Amino acid sequence: MKVRQAVVMVGGMGTRLRPLTENKPKPMLSVADKPCIWYLMRSLARAGIEEVILACGYKPGMMESLGDGSDLGIRVVYSYEDEPLGTAGAIKNVESRLDEVFVAANGDVFADIDVKKEVETHFANDATVTIALTPVENPCEFGIARVDDTGRILEFKEKPKPEEVFSNLINAGVYVVNRSVLEKVPAGKFYDFSKDLVKVLMEEGKRIQSYSLTGTWMDVGRPHDLLEANLAVAEREYRLKRFDSAVECCSRDQFYLGPGASIENSSTVKTVISKGSAVRDSNLNRVLILENCKVDGARIENSILGDGCVVRKGAEITNAVLADNTVVEEGQRIEGDRIV
């Protein structure tokens, strides 16, 4: 059976990513010059989704810069909350326009995944809700699941303490949902999908099915995660791209150079330089440079530069995240919050 609709929840404020989220919502942060959420939307389009409803909260006007979805062959509809409603509440807010079965997803993760297989799993198991699961090293920051041999979820726990961990399989925040479950969600109130709704459904004996996620999924909750997502795309989608010879000789490991960006007489290791930025006479190691930055004669390691930053000669930046439009003067040394 075909599923044609998806609801993507994009209401979060991204506080752990400040100062990068001071001027734009987390799903709009750049991953190789595309908004982070664009990769999820591409995954939905590849699964045959025709309409994506964006449930907007924080800085909703900026979300609209995604456009109408025509570049991906989908239709994007924007829905707005007067006050935060939570992940299930945001879906309840658009209940009247939803089909009997739809996809729902958290829009604050980097997800380049196979949604079509998850939809097939949902119908094959006659599930009420299907939840994509993926293994992680530290599951304490997520919801964890215990499954049986058929993939049915038997137990689910949000953000367990270390001594409470019974699985390394975590909720990746991509669901296939029967619309009927929204009867359990109170209208106009804050209500969480995994913490509140899934708990009620499991208590009632409904089949909550798991799907082992395939593709690339990353939580982009901290600056380190955003850097890693950029490097992952540089590796997967631009590894075979040929830049000019001057760029090729100075770049090692993952590398991306955006439209209108330039690099001259510099060396890079695991570096992403976004569109409109210029780097010269510099050494960069594990660095994400966002749009329209200028770096001249600097050494930068393990750091992110927000849009429009200027870094002058002799400056050294280590383990730092710079807010948009930061100016680092000649010879200045900055060592900020560690990116590990």
Side-chain angles (χ1 to χ4, degrees), residues 1-11 27 37-56 63 66-79 86-134 143 145 147 150-153 156 171-185 191-194 197-198 200-202 206-217:
M1 293 183 66
K2 180 176 174 59
V3 173
R4 67 169 204 93
Q5 280 182 318
V7 182
V8 180
M9 292 80 81
V10 289
I37 194 176
W38 182 88
Y39 296 91
L40 171 61
M41 293 172 65
R42 182 178 68 175
S43 297
L44 294 170
R46 288 173 171 174
I49 297 296
E50 300 170 2
E51 180 180 80
V52 175
I53 302 169
L54 293 181
C56 303
M63 294 301 308
L66 281 169
D68 61 6
S70 56
D71 62 320
L72 290 169
I74 57 177
R75 177 171 178 253
V76 174
V77 177
Y78 296 88
S79 170
T87 46
I91 300 172
K92 180 73 172 182
N93 201 36
V94 295
E95 179 180 18
S96 62
R97 66 178 302 140
L98 293 176
D99 295 342
E100 288 186 11
V101 182
F102 60 92
V103 172
N106 294 334
D108 60 353
V109 297
F110 174 77
D112 187 5
I113 58 177
D114 190 338
V115 178
K116 184 177 181 181
K117 287 185 179 178
E118 184 174 3
V119 171
E120 291 171 352
T121 297
H122 182 79
F123 287 115
N125 290 277
D126 195 24
T128 301
V129 173
T130 298
I131 303 176
L133 304 180
T134 191
V147 302
T150 70
R152 182 171 186 160
I153 296 177
F156 195 85
N171 176 8
V174 182
Y175 313 97
V176 184
V177 185
N178 291 354
R179 188 186 62 194
S180 59
V181 305
L182 296 179
E183 297 171 359
K184 309 293 182 183
V185 180
Y191 203 76
D192 187 81
F193 193 96
S194 57
L197 181 57
V198 170
V200 169
L201 295 174
M202 292 185 71
K206 299 289 195 276
R207 187 174 184 98
I208 310 299
Q209 183 70 24
S210 67
Y211 164 69
S212 297
L213 183 148
T214 56
T216 301
W217 180 95

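Note that the structure is predicted; figures quoted are calculated from it, not measured.
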Side chain of W217, backbone of A172: donor and acceptor closer than 3.5 Å?
-> yes
Using modelled atom types only, decide if a donor and an acceptor are shared between the side chain of D99 and the backbone of V101 within a distance under 3.5 Å.
-> no
How close do [X] and [Y] get, counting heavy atoms only, and between which atoms?
| X | Y | answer |
| --- | --- | --- |
| A88 | D192 | CB-C, 3.7 Å |
| I113 | T216 | CG2-O, 3.6 Å |
| K117 | Y211 | CB-OH, 3.3 Å |
| V176 | E118 | CG2-CG, 3.7 Å |
| Y175 | S194 | OH-CB, 4.0 Å |
| G48 | K2 | O-NZ, 2.7 Å |

Indicate whether the side chain of D68 and that of S70 have a donor and an acceptor atom separated by less than 3.5 Å.
-> yes
Determine whether [X] and [Y] make a side-chain contact, defined as any pair of heavy atoms from C-beta on separated by less than 4.5 Å.
| X | Y | value |
| --- | --- | --- |
| I37 | V8 | yes |
| K92 | L197 | no |
| V185 | E95 | no |
| I91 | F102 | yes |
| V77 | R97 | yes |
| V7 | V177 | no |
| I153 | V129 | no |

Step through the shown structure and confirm whether more than 12 heavy atoms of other residues, nucleotides or ligands are within 6.0 Å of CD on E100.
-> no
To the nearest 0.5 Å, what is the distance between [atom1] on [X] and [atom2] on [Y]?
| X | Y | atom1 | atom2 | answer |
| --- | --- | --- | --- | --- |
| S79 | M9 | OG | CE | 12.0 Å |
| L213 | I131 | CG | CD1 | 12.5 Å |
| R152 | K206 | CZ | NZ | 10.5 Å |
| D126 | Q209 | CG | CD | 10.0 Å |
| I208 | L201 | CD1 | CG | 5.0 Å |
| T128 | H122 | OG1 | NE2 | 7.0 Å |

Under the side-chain contact (heavy atoms from CB on, under 4.5 Å) criterion, do F156 and N171 qualify, and how do the steps go?
-> CA-CA 9 Å; F156 195 85; N171 176 8; 3.7 Å; yes
Pick from V115, L72, D112: which one makes a side-chain contact (heavy atoms from CB on, under 4.5 Å) with R46?
-> D112
S210 pairs by side-chain contact (heavy atoms from CB on, under 4.5 Å) with which of N125, L133, T130?
-> L133
